[in-house]
Amino acid sequence: MTAFFNEMYQGQQVRAPYAALGDWMQSMPAELRSLKQAEAEQLFRRIGITFAVYGEGGDPDRLIPFDMFPRVFTAGEWSRLERGIKQRAKALNAFLVDVYGRGEIVRAGRIPGNLVYQNAAYEKAVVGIKPPKGVYSHIVGIDLVRTGPDDFFVLEDNCRTPSGVSYMLENREIMMRMFPDLFRANRIEPVDNYPEILRRTLASVAPAKCKGDPTVVILTPGHFNSAYYEHSFLADLMGVELVEGQDLFVEGEFVWMRTTEGPRRVDVIYRRIDDAFIDPLCFRPDSMLGIPGLMDVYRSGGVSICSAPGAGVADDKAVYTFVPEMVRFYLGEEPLLQNVPTWQCGKADDLAHVLDKLPELVVKEVHGSGGYGMLVGPKSSKAEIEAFRARIVADPGNYIAQPTLALSTTPTFVNEGVAPRHVDLRPYCLVGESIELVPGGLTRVALKEGSLVVNSSQGGGVKDTWVLAE
Amino acid sequence: MWLTVDHQTRYTYAQPVRAVVQSHRLTPSAFDGQRLIDWEITVSDGVMGSRFRDGAGDQIQAWTVLGPVSEIVVRVRGTVETLDLAGVLRGHRETVAPQAYLRPTDATRADQAIAALAAQVAGTAGGLEQAHALAGAVADAIAYQPGTTHSRTTAAEAMAAGQGVCQDHAHVLIAAARHLGCPARYVSGYLQAGADGQAHEAAHAWAELWLSGLGWVGFDPANRCCPDARYIRLGSGMDAPDAAPIRGIARGVSREAMDVTVAVTASQQ
């Protein structure tokens, strides 16, 4: 039996970050707790935020369960994390500028060329383009797990359009409304300035052709998209227009937005649409969501697109293995955040190791997401393991394997009271003229006892994430 | 040789459309085998958009036409001085890594028949000799027969049919070359129709293969040769749709008809 790091308790001792929460927890009788839980659920429903994290799909009208027990970091813990996250975001952007430029990292033999240039997310159309401030990925969502007091691992990087930040903001909002005393008694770093920092970040990468105050918009695929709530929520908080493809058009050298006062030039587009769909003239010709001609305007410096087309090549599961190498190559530093060791079943040696150690490993499909199509060896029966073994052998290239990480636990409200449950963390790093990280993020929690799968489609919930002020 | 081009594309819409956006790759490539004498592109009622050279070295020019409009004429006229470089794309400035041209696309995916075709030459010395052998094998496998394939025919479909036009020849050659690990791409351009009747299509297409030591080298299976002074190179892409000289979209629903005339003639210096 693995010992899991409990973020609140070390034996009988309460760790420093959670000192204030022990009493709070004790002071809440069961009746009050269920009352509060019902209140929280009602607030979420009224806001209209429902089930849709990370494009997992599922019932769009289902609420994602919210756990009221906060997840807490001290200022010291956070500043270490912050340095690691910013370092990684910087390296990922340097990599993108490089592989769409001279490709020095490939020439130097530090990453195989086929992983980059033959990658489905590599966009030949943007080769040679250096976006404003040299930034391709403006919002980097880095998924982290913790295994000990100082041990954090990166599960994956999200360089395109990571979602879920609306949960970070709403979770905090609702906690403050329900437990104002907690926030008076503790000095908790605010997260509500995220929309303002995001707006500043987007404005800072306006194209050179833009003189004066840049016009920023959010481009959404529309209300049927599972993250539409988040798109409109962020547009509201930033005070920018939420637009669909049909609201924008290209004329001459620029992109314009239809408004009641006539066309208005658009300088920065925060798009929540995949590359393939943003311009039918350049990518998928059948896309109805995009803006014909957008890429020509972008490529000639008439508009900025965030994230920049082509950014996806940095967050591919195979490229992930090389991120520590990027940190060394571009920044000349040792990576502060570690990768999870990963075996590629497509390689004969790795496959042999994986098949040998299957009961101890987590095996995932290369392109899978949402916690589907994966094997958690230690949590599976012999029969399940053997069935999965057959799938791997039939198509090894489709699988990667990682050691089963002993994900940390935090106290979580359950039917019987309070019990430890496993958690992960997604902070949102903003990259523009400067690199900013709001102290907090989205904590996902596996609500099922013993479960290591935090995905909301597999019984996961969310928590407010606190960073204590010094 | 001096080649004079007159290339006209007329789009007519059954109902007027609100607007049209186009992206052109209609300017001859800048490399040692071509020198522009004069070159003019006009778009009826068009507003000139952004203009830039992309990573593959192609000159891109965007246009918009504000509607309502029911007819658009794109006309390209000009003269280019050409030089026979035996297909070698010498002095062409580009930054896309050749490896990026190894990825298959829907139109250029090698099936078993194309893989078998590639296997025929896999034993040869490699490099230039292998590329010639491959282009020859493609010419043998696909008879020139206009009207049997269409703009969306894939390499595999053309291979199965055993006939097609220059686009199909180029797609099959690209698919086979990539299958052998040789970067390959689609090139669109013009070809002067010779008096001998050997050159078939004035709006023409061929393939380029990346050969170590030589760089990009053109092969035209349709005419069993490498591009020479009769060829004008416009631009390249992963496949025909990606390398299209004109890409356009009309706003507003309407049936579109397209009529193209191309004349390429040798002119006096």
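The sequence lines fix the lettering, A, B, ..., with proteins before strands; numbering per chain opens at 1. Remember, predicted model here, so these are calculated numbers, not experimental data.
- In this structure, A:Ser300 contributes its side chain and B:Phe52 its backbone to no donor-acceptor pair below 3.5 Å.
- Contact of B:Ser50 with chain A is made through backbone and side chain together, with heavy-atom distances under 4.5 Å.
- Atom CD1 of B:Ile249 and atom CD1 of A:Ile291 lie 11.5 Å apart (nearest 0.5 Å).
- Nearest approach of B:Arg103 to A:Tyr122, heavy atoms of both residues: NH1-O, 3.1 Å.
- Going from atom CD of A:Glu253 over to atom CE of B:Met48 covers 10.0 Å, rounded to the nearest 0.5 Å.
- In terms of heavy atoms, B:Asp242 sits closest to A:Lys124 at OD2-NZ, 3.1 Å.
- In the displayed structure, A:Arg328 atom CZ is contacted under 6.0 Å by more than 12 heavy atoms of other residues, nucleotides or ligands.
- Neither the backbone nor the side chain of B:Glu94 comes within less than 4.5 Å of any heavy atom in chain A.
- By the neighbour-count criterion of 12 heavy atoms within 6.0 Å, atom CZ of A:Arg110 is densely surrounded, having more than that number from other residues, nucleotides or ligands.
- Per-residue heavy-atom pair counts under 4.5 Å with chain A were compared for B:Val65, B:Asp54, B:Val47, B:Leu66, and the maximum is reached by B:Leu66.
- Among the candidates A:Gly101, A:Gly302, A:Gly252, A:Gly128, the residue making the largest number of heavy-atom pairs closer than 4.5 Å to chain B is A:Gly252.
- Both the backbone and the side chain of A:Asn114 come within less than 4.5 Å of a heavy atom in chain B.
- Atom CD of A:Gln118 is separated from atom CG of B:Leu102 by 4.5 Å, given to the nearest 0.5 angstrom.
- Of all non-hydrogen atoms in A:Asp296 and B:Ala62, the two that sit nearest each other are OD2-CB, 3.6 Å.
- Side-chain atoms of B:Arg251 never come within 3.5 Å of backbone atoms of A:Phe249 as a donor-acceptor pair (strictly under, hydrogens ignored).
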